[in-house]
Amino acid sequence: MHIFDSVQKTKRKFTPLKEANATLYVCGPTVYDDAHLGHAKSALVFDLLTRVLEANGYTVTYARNITDIDDKIIKKAIEQKKNIKEITDFYTDAFHTEMQAIGVKRPTLEPKATQSLEAMYALIQQLLDKGHAYKTANGDVYFDTASDAKYLSLSHRIQNEEDKQERIESSSFKRNSADFALWKSVKDDSVTFDSPFGAGRPGWHLECSAMIEKHLAYKNREFAIDIHGGGADLLFPHHENEAAQTRCATNHALANYWMHNGFVNIDGEKMSKSLGNSFFLKDALKEHDGEVLRFYLLSTHYRSDFNFNTEDLMHSKKRLDRLYRLKKRLFGLAKNEEDTAFTKSLLKSLNDDMNVSTALALIDEMISNANETLDTAGKHKQLKRDTMANLTYIETLLGFGLKNPYEYFQFGVDSATKEQIDTLIAKRNEAKKAKDFALSDSIRNEILAFNVNLMDTPQGTFWEKI
RNA sequence: GGUGCCAUCGCCAAGUGGUAAGGCCGCAGCCUGCAAAGCUGCUAUCCCCAGUUCAAAUCUGGGUGGCACCUCCA
């Protein structure tokens, strides 16, 4: 398979550091608020990546951190008069629930910053020992960017001299404006940790490097891990700094491949608090099936920016509906081996830097072909079993079509309404039997008022929520 | 100001040197009591200009128009 490396800016063949294994680290959420659609997108992209890697036979070790030390968390705790752990536990649980709703599997490891402090101390000490970090008069420890010849090689930035001078004056403790905190000394009575460098809190960038060393890193290879992922905004400064820390403190570079997913905008606007609740995943999940959100958010290439809007989402849903209608036609049937021309070409397109668009086009084509054959040769057993195999393959590789197809089409309809609809359908069928089409049509209009579609089939009359 | 990305049918969106995938919408037809669903058919020469090439949406240069990062951020 090939993936686009956002540091080398080219598609590269994926060659693992250790045969048949793949190690992946993705920057996870800071748990101080509800997950928004951007968190969902990032989690979905790398969930898909692990599925594709696994489909290629790799054993994937996937770590996604939980940042549970952060100024914003502390601020929230003070505002809500709760302790830090209440806040972080609450939002961590919510994150897990919502990710599950959109079909994101749990990573192999979910290290928390609070459980990785020793690894952070070790990293700081190594950087101090090697002369890549320095302590300041007020007790902070900074990374010395001037000591790292490869600094900015990740993001391909050029140090801006004017900017450099300007900021040095405003921060008397740093040697260089680009230097970033490894340890921030905190003297007040808020949340602090007693480190060998005094009481304080770790710098944000440090956490990821430390967790990778502790949980994932190969010890004697050129790179600590195979793939490092995250949102496009993290390339600089976060990933640049992570890479610098690891490179300077250890004997290996951080990652062989870097992957960055594009941003999610809402109705053409950058997500912001001013958009109200419209960008929280939990709110989107009240309106739409999680799998529809998954399908929609994954429907365009992961590196492109994504413009979320309800109209496109509904169009996308119609595409997923086709998959579920085919599943309805085959519901409960046995399947053959999942090794067809279709499954091969599906994996092939995803192996090309996760080309989901091509994959979806293949799925559409498979659905049309299957429907056509089913229409003309309904007893084609072999085709049915192959189609079932194809659907199962789509479920595991892409996470689409996992639900009961009848329940899928009833999203958001309460049981009382369902009963009313069923009663009306029974009445309508009686009218139809009596050839009283005026009556049956008027009953249909009553049913349509529930915002559902009706469809008469040889197996009976079914309804779908629109 | 620095760095980088993008511009393909009404909308969403692949393709990145060999003569434009797919979905939604629309139109016509088959099926249906009528619908819905399903199926079939139809619907773009790729922002503009110049160049390279036997051949360009795809490469080069110039324009125009969007956007992102450079501060916490998925």
Side-chain angles (χ1 to χ4, degrees), chain A residues 6 9 11 26-30 32-33 35-46 64 67 70-72 152 155-163 167 178 204 229-238 240 260-265 268 270-272 279 281 295-296 299-307 309 311-322 325-326 328-329 349 352 355-376 409 431-432 435-438 440-441 444-445 447-448 452-458 461-464 466:
Chain A
S6 38
K9 295 183 193 291
K11 264 186 210 174
V26 175
C27 297
T30 301
Y32 72 100
D33 204 349
H36 58 233
L37 295 167
H39 292 112
K41 171 84 181 177
S42 179
L44 284 166
V45 164
F46 293 104
R64 183 184 60 204
T67 298
D70 186 88
D71 290 354
K72 288 192 282 274
L152 299 182
S155 56
H156 307 290
R157 267 158 218 281
I158 296 160
Q159 194 110 31
N160 185 324
E161 290 300 322
E162 286 178 26
D163 189 45
R167 293 206 200 160
W204 173 49
D233 55 324
L234 296 180
L235 179 56
F236 188 85
H238 184 53
E240 185 73 57
H260 292 92
N261 65 275
F263 257 50
V264 177
N265 296 317
K270 190 174 169 170
M271 268 192 262
S272 66
F279 65 92
L281 178 56
F295 188 91
Y296 175 49
S299 65
T300 70
H301 192 85
Y302 76 92
R303 276 188 279 128
S304 306
D305 281 346
F306 190 94
N307 186 33
N309 68 79
E311 194 188 340
D312 288 349
L313 186 148
M314 294 314 287
H315 290 167
S316 203
K317 177 185 179 298
K318 289 186 178 181
R319 207 173 181 180
L320 182 60
D321 287 352
R322 282 165 47 79
R325 290 204 189 96
L326 176 61
K328 260 195 201 174
R329 294 183 78 165
S349 44
D352 179 19
N355 191 330
V356 178
S357 292
T358 312
L360 291 184
L362 286 168
I363 291 173
D364 289 328
E365 193 187 3
M366 185 278 289
I367 292 171
S368 288
N369 288 340
N371 275 323
E372 189 185 1
T373 318
L374 251 28
D375 281 351
T376 52
F409 284 112
K432 276 178 67 181
K435 305 234 185 267
D436 186 350
F437 295 123
S440 80
D441 286 354
R444 178 163 61 198
N445 285 336
I447 299 172
L448 262 39
V452 300
N453 258 342
L454 264 199
M455 38 199 67
D456 296 324
T457 76
T461 301
F462 297 103
W463 60 271
E464 295 180 355
I466 295 170

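Chain letters run A, B, ... following the sequence lines, proteins first, then strands; residues in each count from 1. Keep in mind it's a predicted model, so treat the numbers as computed, not measured.
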_Please determine whether any donor N or O and acceptor N or O are separated by less than 3.5 Å between the side chain of A/R319 and the base of B/rC24._
no
*Any side-chain N or O of A/R303 less than 4.0 Å from the OP1 or OP2 oxygen of B/rC5?*
no
*asked:* Which is more 5' along RNA chain B, the nucleotide nearest A/T358 or the one nearest A/W204? Just name the residue.
replied: A/T358
*Paired with B/rC69: which nucleotide, if any, by Watson-Crick or G-U wobble criteria at under 3.5 Å for both distances?*
B/rG2
*Sort out the partner of B/rA74 for me: Watson-Crick or G-U wobble, both distances under 3.5 Å, none otherwise.*
none
*Under the 5.5 Å and 30° test, is A/F263 stacked on the base of B/rA74?*
yes
*asked:* I'd like to know if the side chain of A/R64 reaches the main chain of A/C27, judged simply by a donor and an acceptor atom lying under 3.5 Å from each other, with no hydrogens or angles considered.
replied: no
*Look at A/K270 and B/rC69 and indicate whether a side-chain polar atom (N or O) is within less than 4.0 Å of OP1 or OP2.*
yes
*Determine which nucleotide pairs with B/rU43, using a 3.5 Å limit on both distances of a Watson-Crick or G-U wobble pair.*
none
_Separation of B/rU3 P from A/H156 NE2 (nearest whole Å)_ = 13 Å
*asked:* Between A/H39 and B/rA74, is there a contact of a side-chain N or O with OP1 or OP2 at under 4.0 Å?
replied: yes
*Between B/rG38 (P) and A/R322 (CZ): distance, integer Å*: 6 Å
*For a side chain to side chain contact (heavy atoms under 4.5 Å, CB included) with A/N453, tell me which candidate from A/D321, A/I447, A/I466 qualifies.*
A/I466
_Side-chain (A/Y302) to main-chain (A/S42) donor-acceptor, under 3.5 angstrom_ = no
_Does A/N355 contact B/rG15 through a side-chain donor or acceptor facing the base, at a distance under 3.5 Å?_
no
*Please determine, for the side chain of A/D441, which listed nucleotide (B/rC39, B/rA21, B/rC34) has the closest atom?*
B/rC34
*Among B/rA13, B/rG22, B/rG33, find the nucleotide with the atom closest to the side chain of A/F437.*
B/rG33
*Check whether any side-chain nitrogen or oxygen of A/S368 sits under 4.0 Å from OP1 or OP2 of B/rC39, and answer yes or no.*
yes
_Any donor-acceptor pair, under 3.5 Å, between the side chain of A/R444 and the base of B/rA35, if you only look at N and O atoms?_
yes
*Look at the side-chain N and O atoms of A/K318 and state whether any lies under 4.0 Å from the OP1 or OP2 oxygen of B/rC25.*
yes
_Whole-Å P distance, B/rC25 and B/rA36_ = 11 Å
*Taking for each residue the nucleotide of RNA chain B with the nearest heavy atom, is it A/N307 or A/N453 whose nucleotide lies nearer the 5' end?*
A/N307
*With distance as the sole test, does A/E464 use its side chain to make a donor-acceptor pair with the main-chain N or O of A/F409 at under 3.5 Å?*
no
*Do A/N371 and A/R329 have side-chain atoms, one donor and one acceptor, less than 3.5 Å apart?*
yes
